[in-house]
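Data first, discussion second: the structure below is written as C-alpha cells.
Scope of the values below: all heavy atoms of this structure, side chains included, with no hydrogens, waters or symmetry mates. A note on names: the letters A, B, ... follow the listed sequences, proteins ahead of strands, and every chain is numbered from 1.
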Amino acid sequence: MSPLDVVGAVLLLAGTGLTVTAVVGLYRLPDVYARMHAATKPATLGITCCLLGAALTVDDVDIVTKLLLAVAFQLATAPVSAHLLGRGAHEAGADQSEHTVVDELAD
Amino acid sequence: MTVVAIICFAALAACAGACLFRLWRCPTLVDRAIALDTVTATIVSGIAVGIAVTGDGIYADVALVLGLLGFLATVAIARYMGRRGA
C-alpha cells in the first residue's frame, strides 16, 4: 500500500464514522430542527471524506474529476436543501424542543 | 484495504437500515424527508467505498447523479410541505 492509499483508507473510515454519527443524531436529538442539523452537517462531511478517500486511492484522472465534482455538488446543495426543509418545517408548524431559546421566524 | 472496506460497508449498511426503519416508523413528514436524505448520503458514501475497493469508475457517475437527485427530492418535499402548511 502506498501512503496515498493509507490516507484514503483513513478518510474512508472517517467518513463512515461521520455517517454513523449522523444516524445516531437522527435517533437521539430532541426536535426536527436539531435532527436536521445532525442529518446535514455530519452527513455532508461524511460524504466529502468518503469521496475524497476514494479519489486518493484511484489513479484514473476521469474518475477523480467525477468524484471531485460530486463533492462540489454535495457541498453546494446540502445547505440549500437543509434551509428549504427547515423553512418548510417551520411553515408546517413542526414542534420545537423545550430548550429552544429564540425563534426568529415566528414574527 | 479489504479490511477497511468490510468495516465501512458493515457500518454503512447498518446506517442505511436504521435510516430506512426511521423512514418507516417516524412521527412527522419532515422526519421522513430527513431520513430519506440521510439514506441517499449513506448510499453515496457506500459507492465511494466501492470505487476505492474495485477501482471501477462506472459508479462515479452514479454517485454524482444520486447526489443531485437526492437534492431535488428534498427540495420537492420541502416545497410541498410549506405549501400544505400555509
Side-chain angles (χ1 to χ4, degrees), chain A residues 1 5 8-10 12-13 15-20 22-24 26-27 32 35-36 38-40 43-44 46-47 49-60 62-67 69-71 73-74 76-78 80-95, chain B residues 1 3-5 7-12 14-19 22 26-31 33-35 37-38 40-42 44-53 55-61 63-68 70-75 77-86:
Chain A
M1 277 174 85
D5 281 351
V10 170
L12 286 177
L13 283 175
T16 308
L18 282 164
T19 311
V20 173
V23 175
V24 170
L26 218 57
Y27 274 89
V32 165
R35 286 196 285 267
M36 200 175 320
T40 306
T44 309
I47 291 184
C49 282
C50 278
L51 289 172
L52 286 182
L56 283 182
T57 53
V58 175
D59 50 1
D60 185 351
D62 286 354
I63 304 175
V64 172
T65 312
K66 279 173 195 161
L67 290 173
L69 206 57
V71 169
F73 277 134
Q74 201 64 46
T77 56
V80 179
S81 66
H83 171 83
L84 281 172
L85 208 55
R87 188 166 275 272
H90 194 277
E91 278 175 23
D95 290 340
Chain B
M1 188 50 96
V3 183
V4 172
I7 295 173
C8 287
F9 275 137
L12 288 174
C15 281
C19 283
R22 179 109 190 130
C26 74
T28 62
L29 179 63
V30 192
D31 278 305
I34 297 171
D37 213 25
T38 315
T40 315
T42 314
V44 174
S45 302
I47 290 174
V49 178
I51 293 172
V53 176
D56 188 356
I58 300 176
Y59 298 109
D61 300 321
L64 191 57
V65 173
L66 195 61
L68 289 174
F71 168 64
L72 277 185
T74 311
V75 169
I77 295 174
R79 297 278 301 175
Y80 161 72
M81 223 162 36
R83 199 172 300 162
R84 198 180 66 160

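A donor-acceptor contact shorter than 3.5 Å is absent between the side chain of A/Y27 and the backbone of B/C19.
The minimum heavy-atom distance between B/D31 and B/C26, with the atom names listed, is CB-SG, 3.8 Å. The two residues B/G55 and A/I63 make their nearest non-hydrogen contact at O-CD1, 4.1 Å.
The candidate with the highest count of non-hydrogen atom pairs below 4.5 Å against chain B, out of A/T44, A/L56, A/L26, is A/L26. Among B/L64, B/V44, B/T42, B/I7, the residue with the largest count of heavy-atom pairs under 4.5 Å with chain A is B/L64. For the set B/D61, B/V75, B/D56, B/I77, the count of heavy-atom pairs under 4.5 angstrom toward chain A peaks at B/D61. Heavy-atom pairs under 4.5 Å with chain B peak, among A/L69, A/L85, A/V20, at A/L85. Ranked by heavy-atom pairs under 4.5 Å with chain A, the first of B/G67, B/G57, B/A18, B/A60 is B/A18. The candidate with the highest count of non-hydrogen atom pairs below 4.5 Å against chain B, out of A/V58, A/T40, A/L51, A/L52, is A/L51.
When heavy atoms are compared at a cutoff of 4.5 Å, A/R35 approaches chain B by way of both its backbone and its side chain. Looking at A/V32, both its backbone and its side chain come within 4.5 Å of chain B, counting heavy atoms on both sides. Looking at B/I51, the atoms closer than 4.5 Å to chain A (heavy atoms on both sides) sit in the backbone and in the side chain alike. With a 4.5 angstrom heavy-atom cutoff, A/S81 touches chain B via backbone and side-chain atoms both.
In the displayed structure, B/F71 atom CZ is contacted under 6.0 Å by more than 12 heavy atoms of other residues, nucleotides or ligands.
Defined by atom type and a distance below 3.5 Å, a donor-acceptor pair is present between the side-chain atoms of B/T74 and B/D37. A/D62 and A/T65 share no side-chain donor-acceptor pair at under 3.5 Å.
With A/C49 as reference, A/L18 is the one residue of A/L18, A/V71, A/T19 to meet the side chain to side chain contact (heavy atoms under 4.5 Å, CB included) rule.
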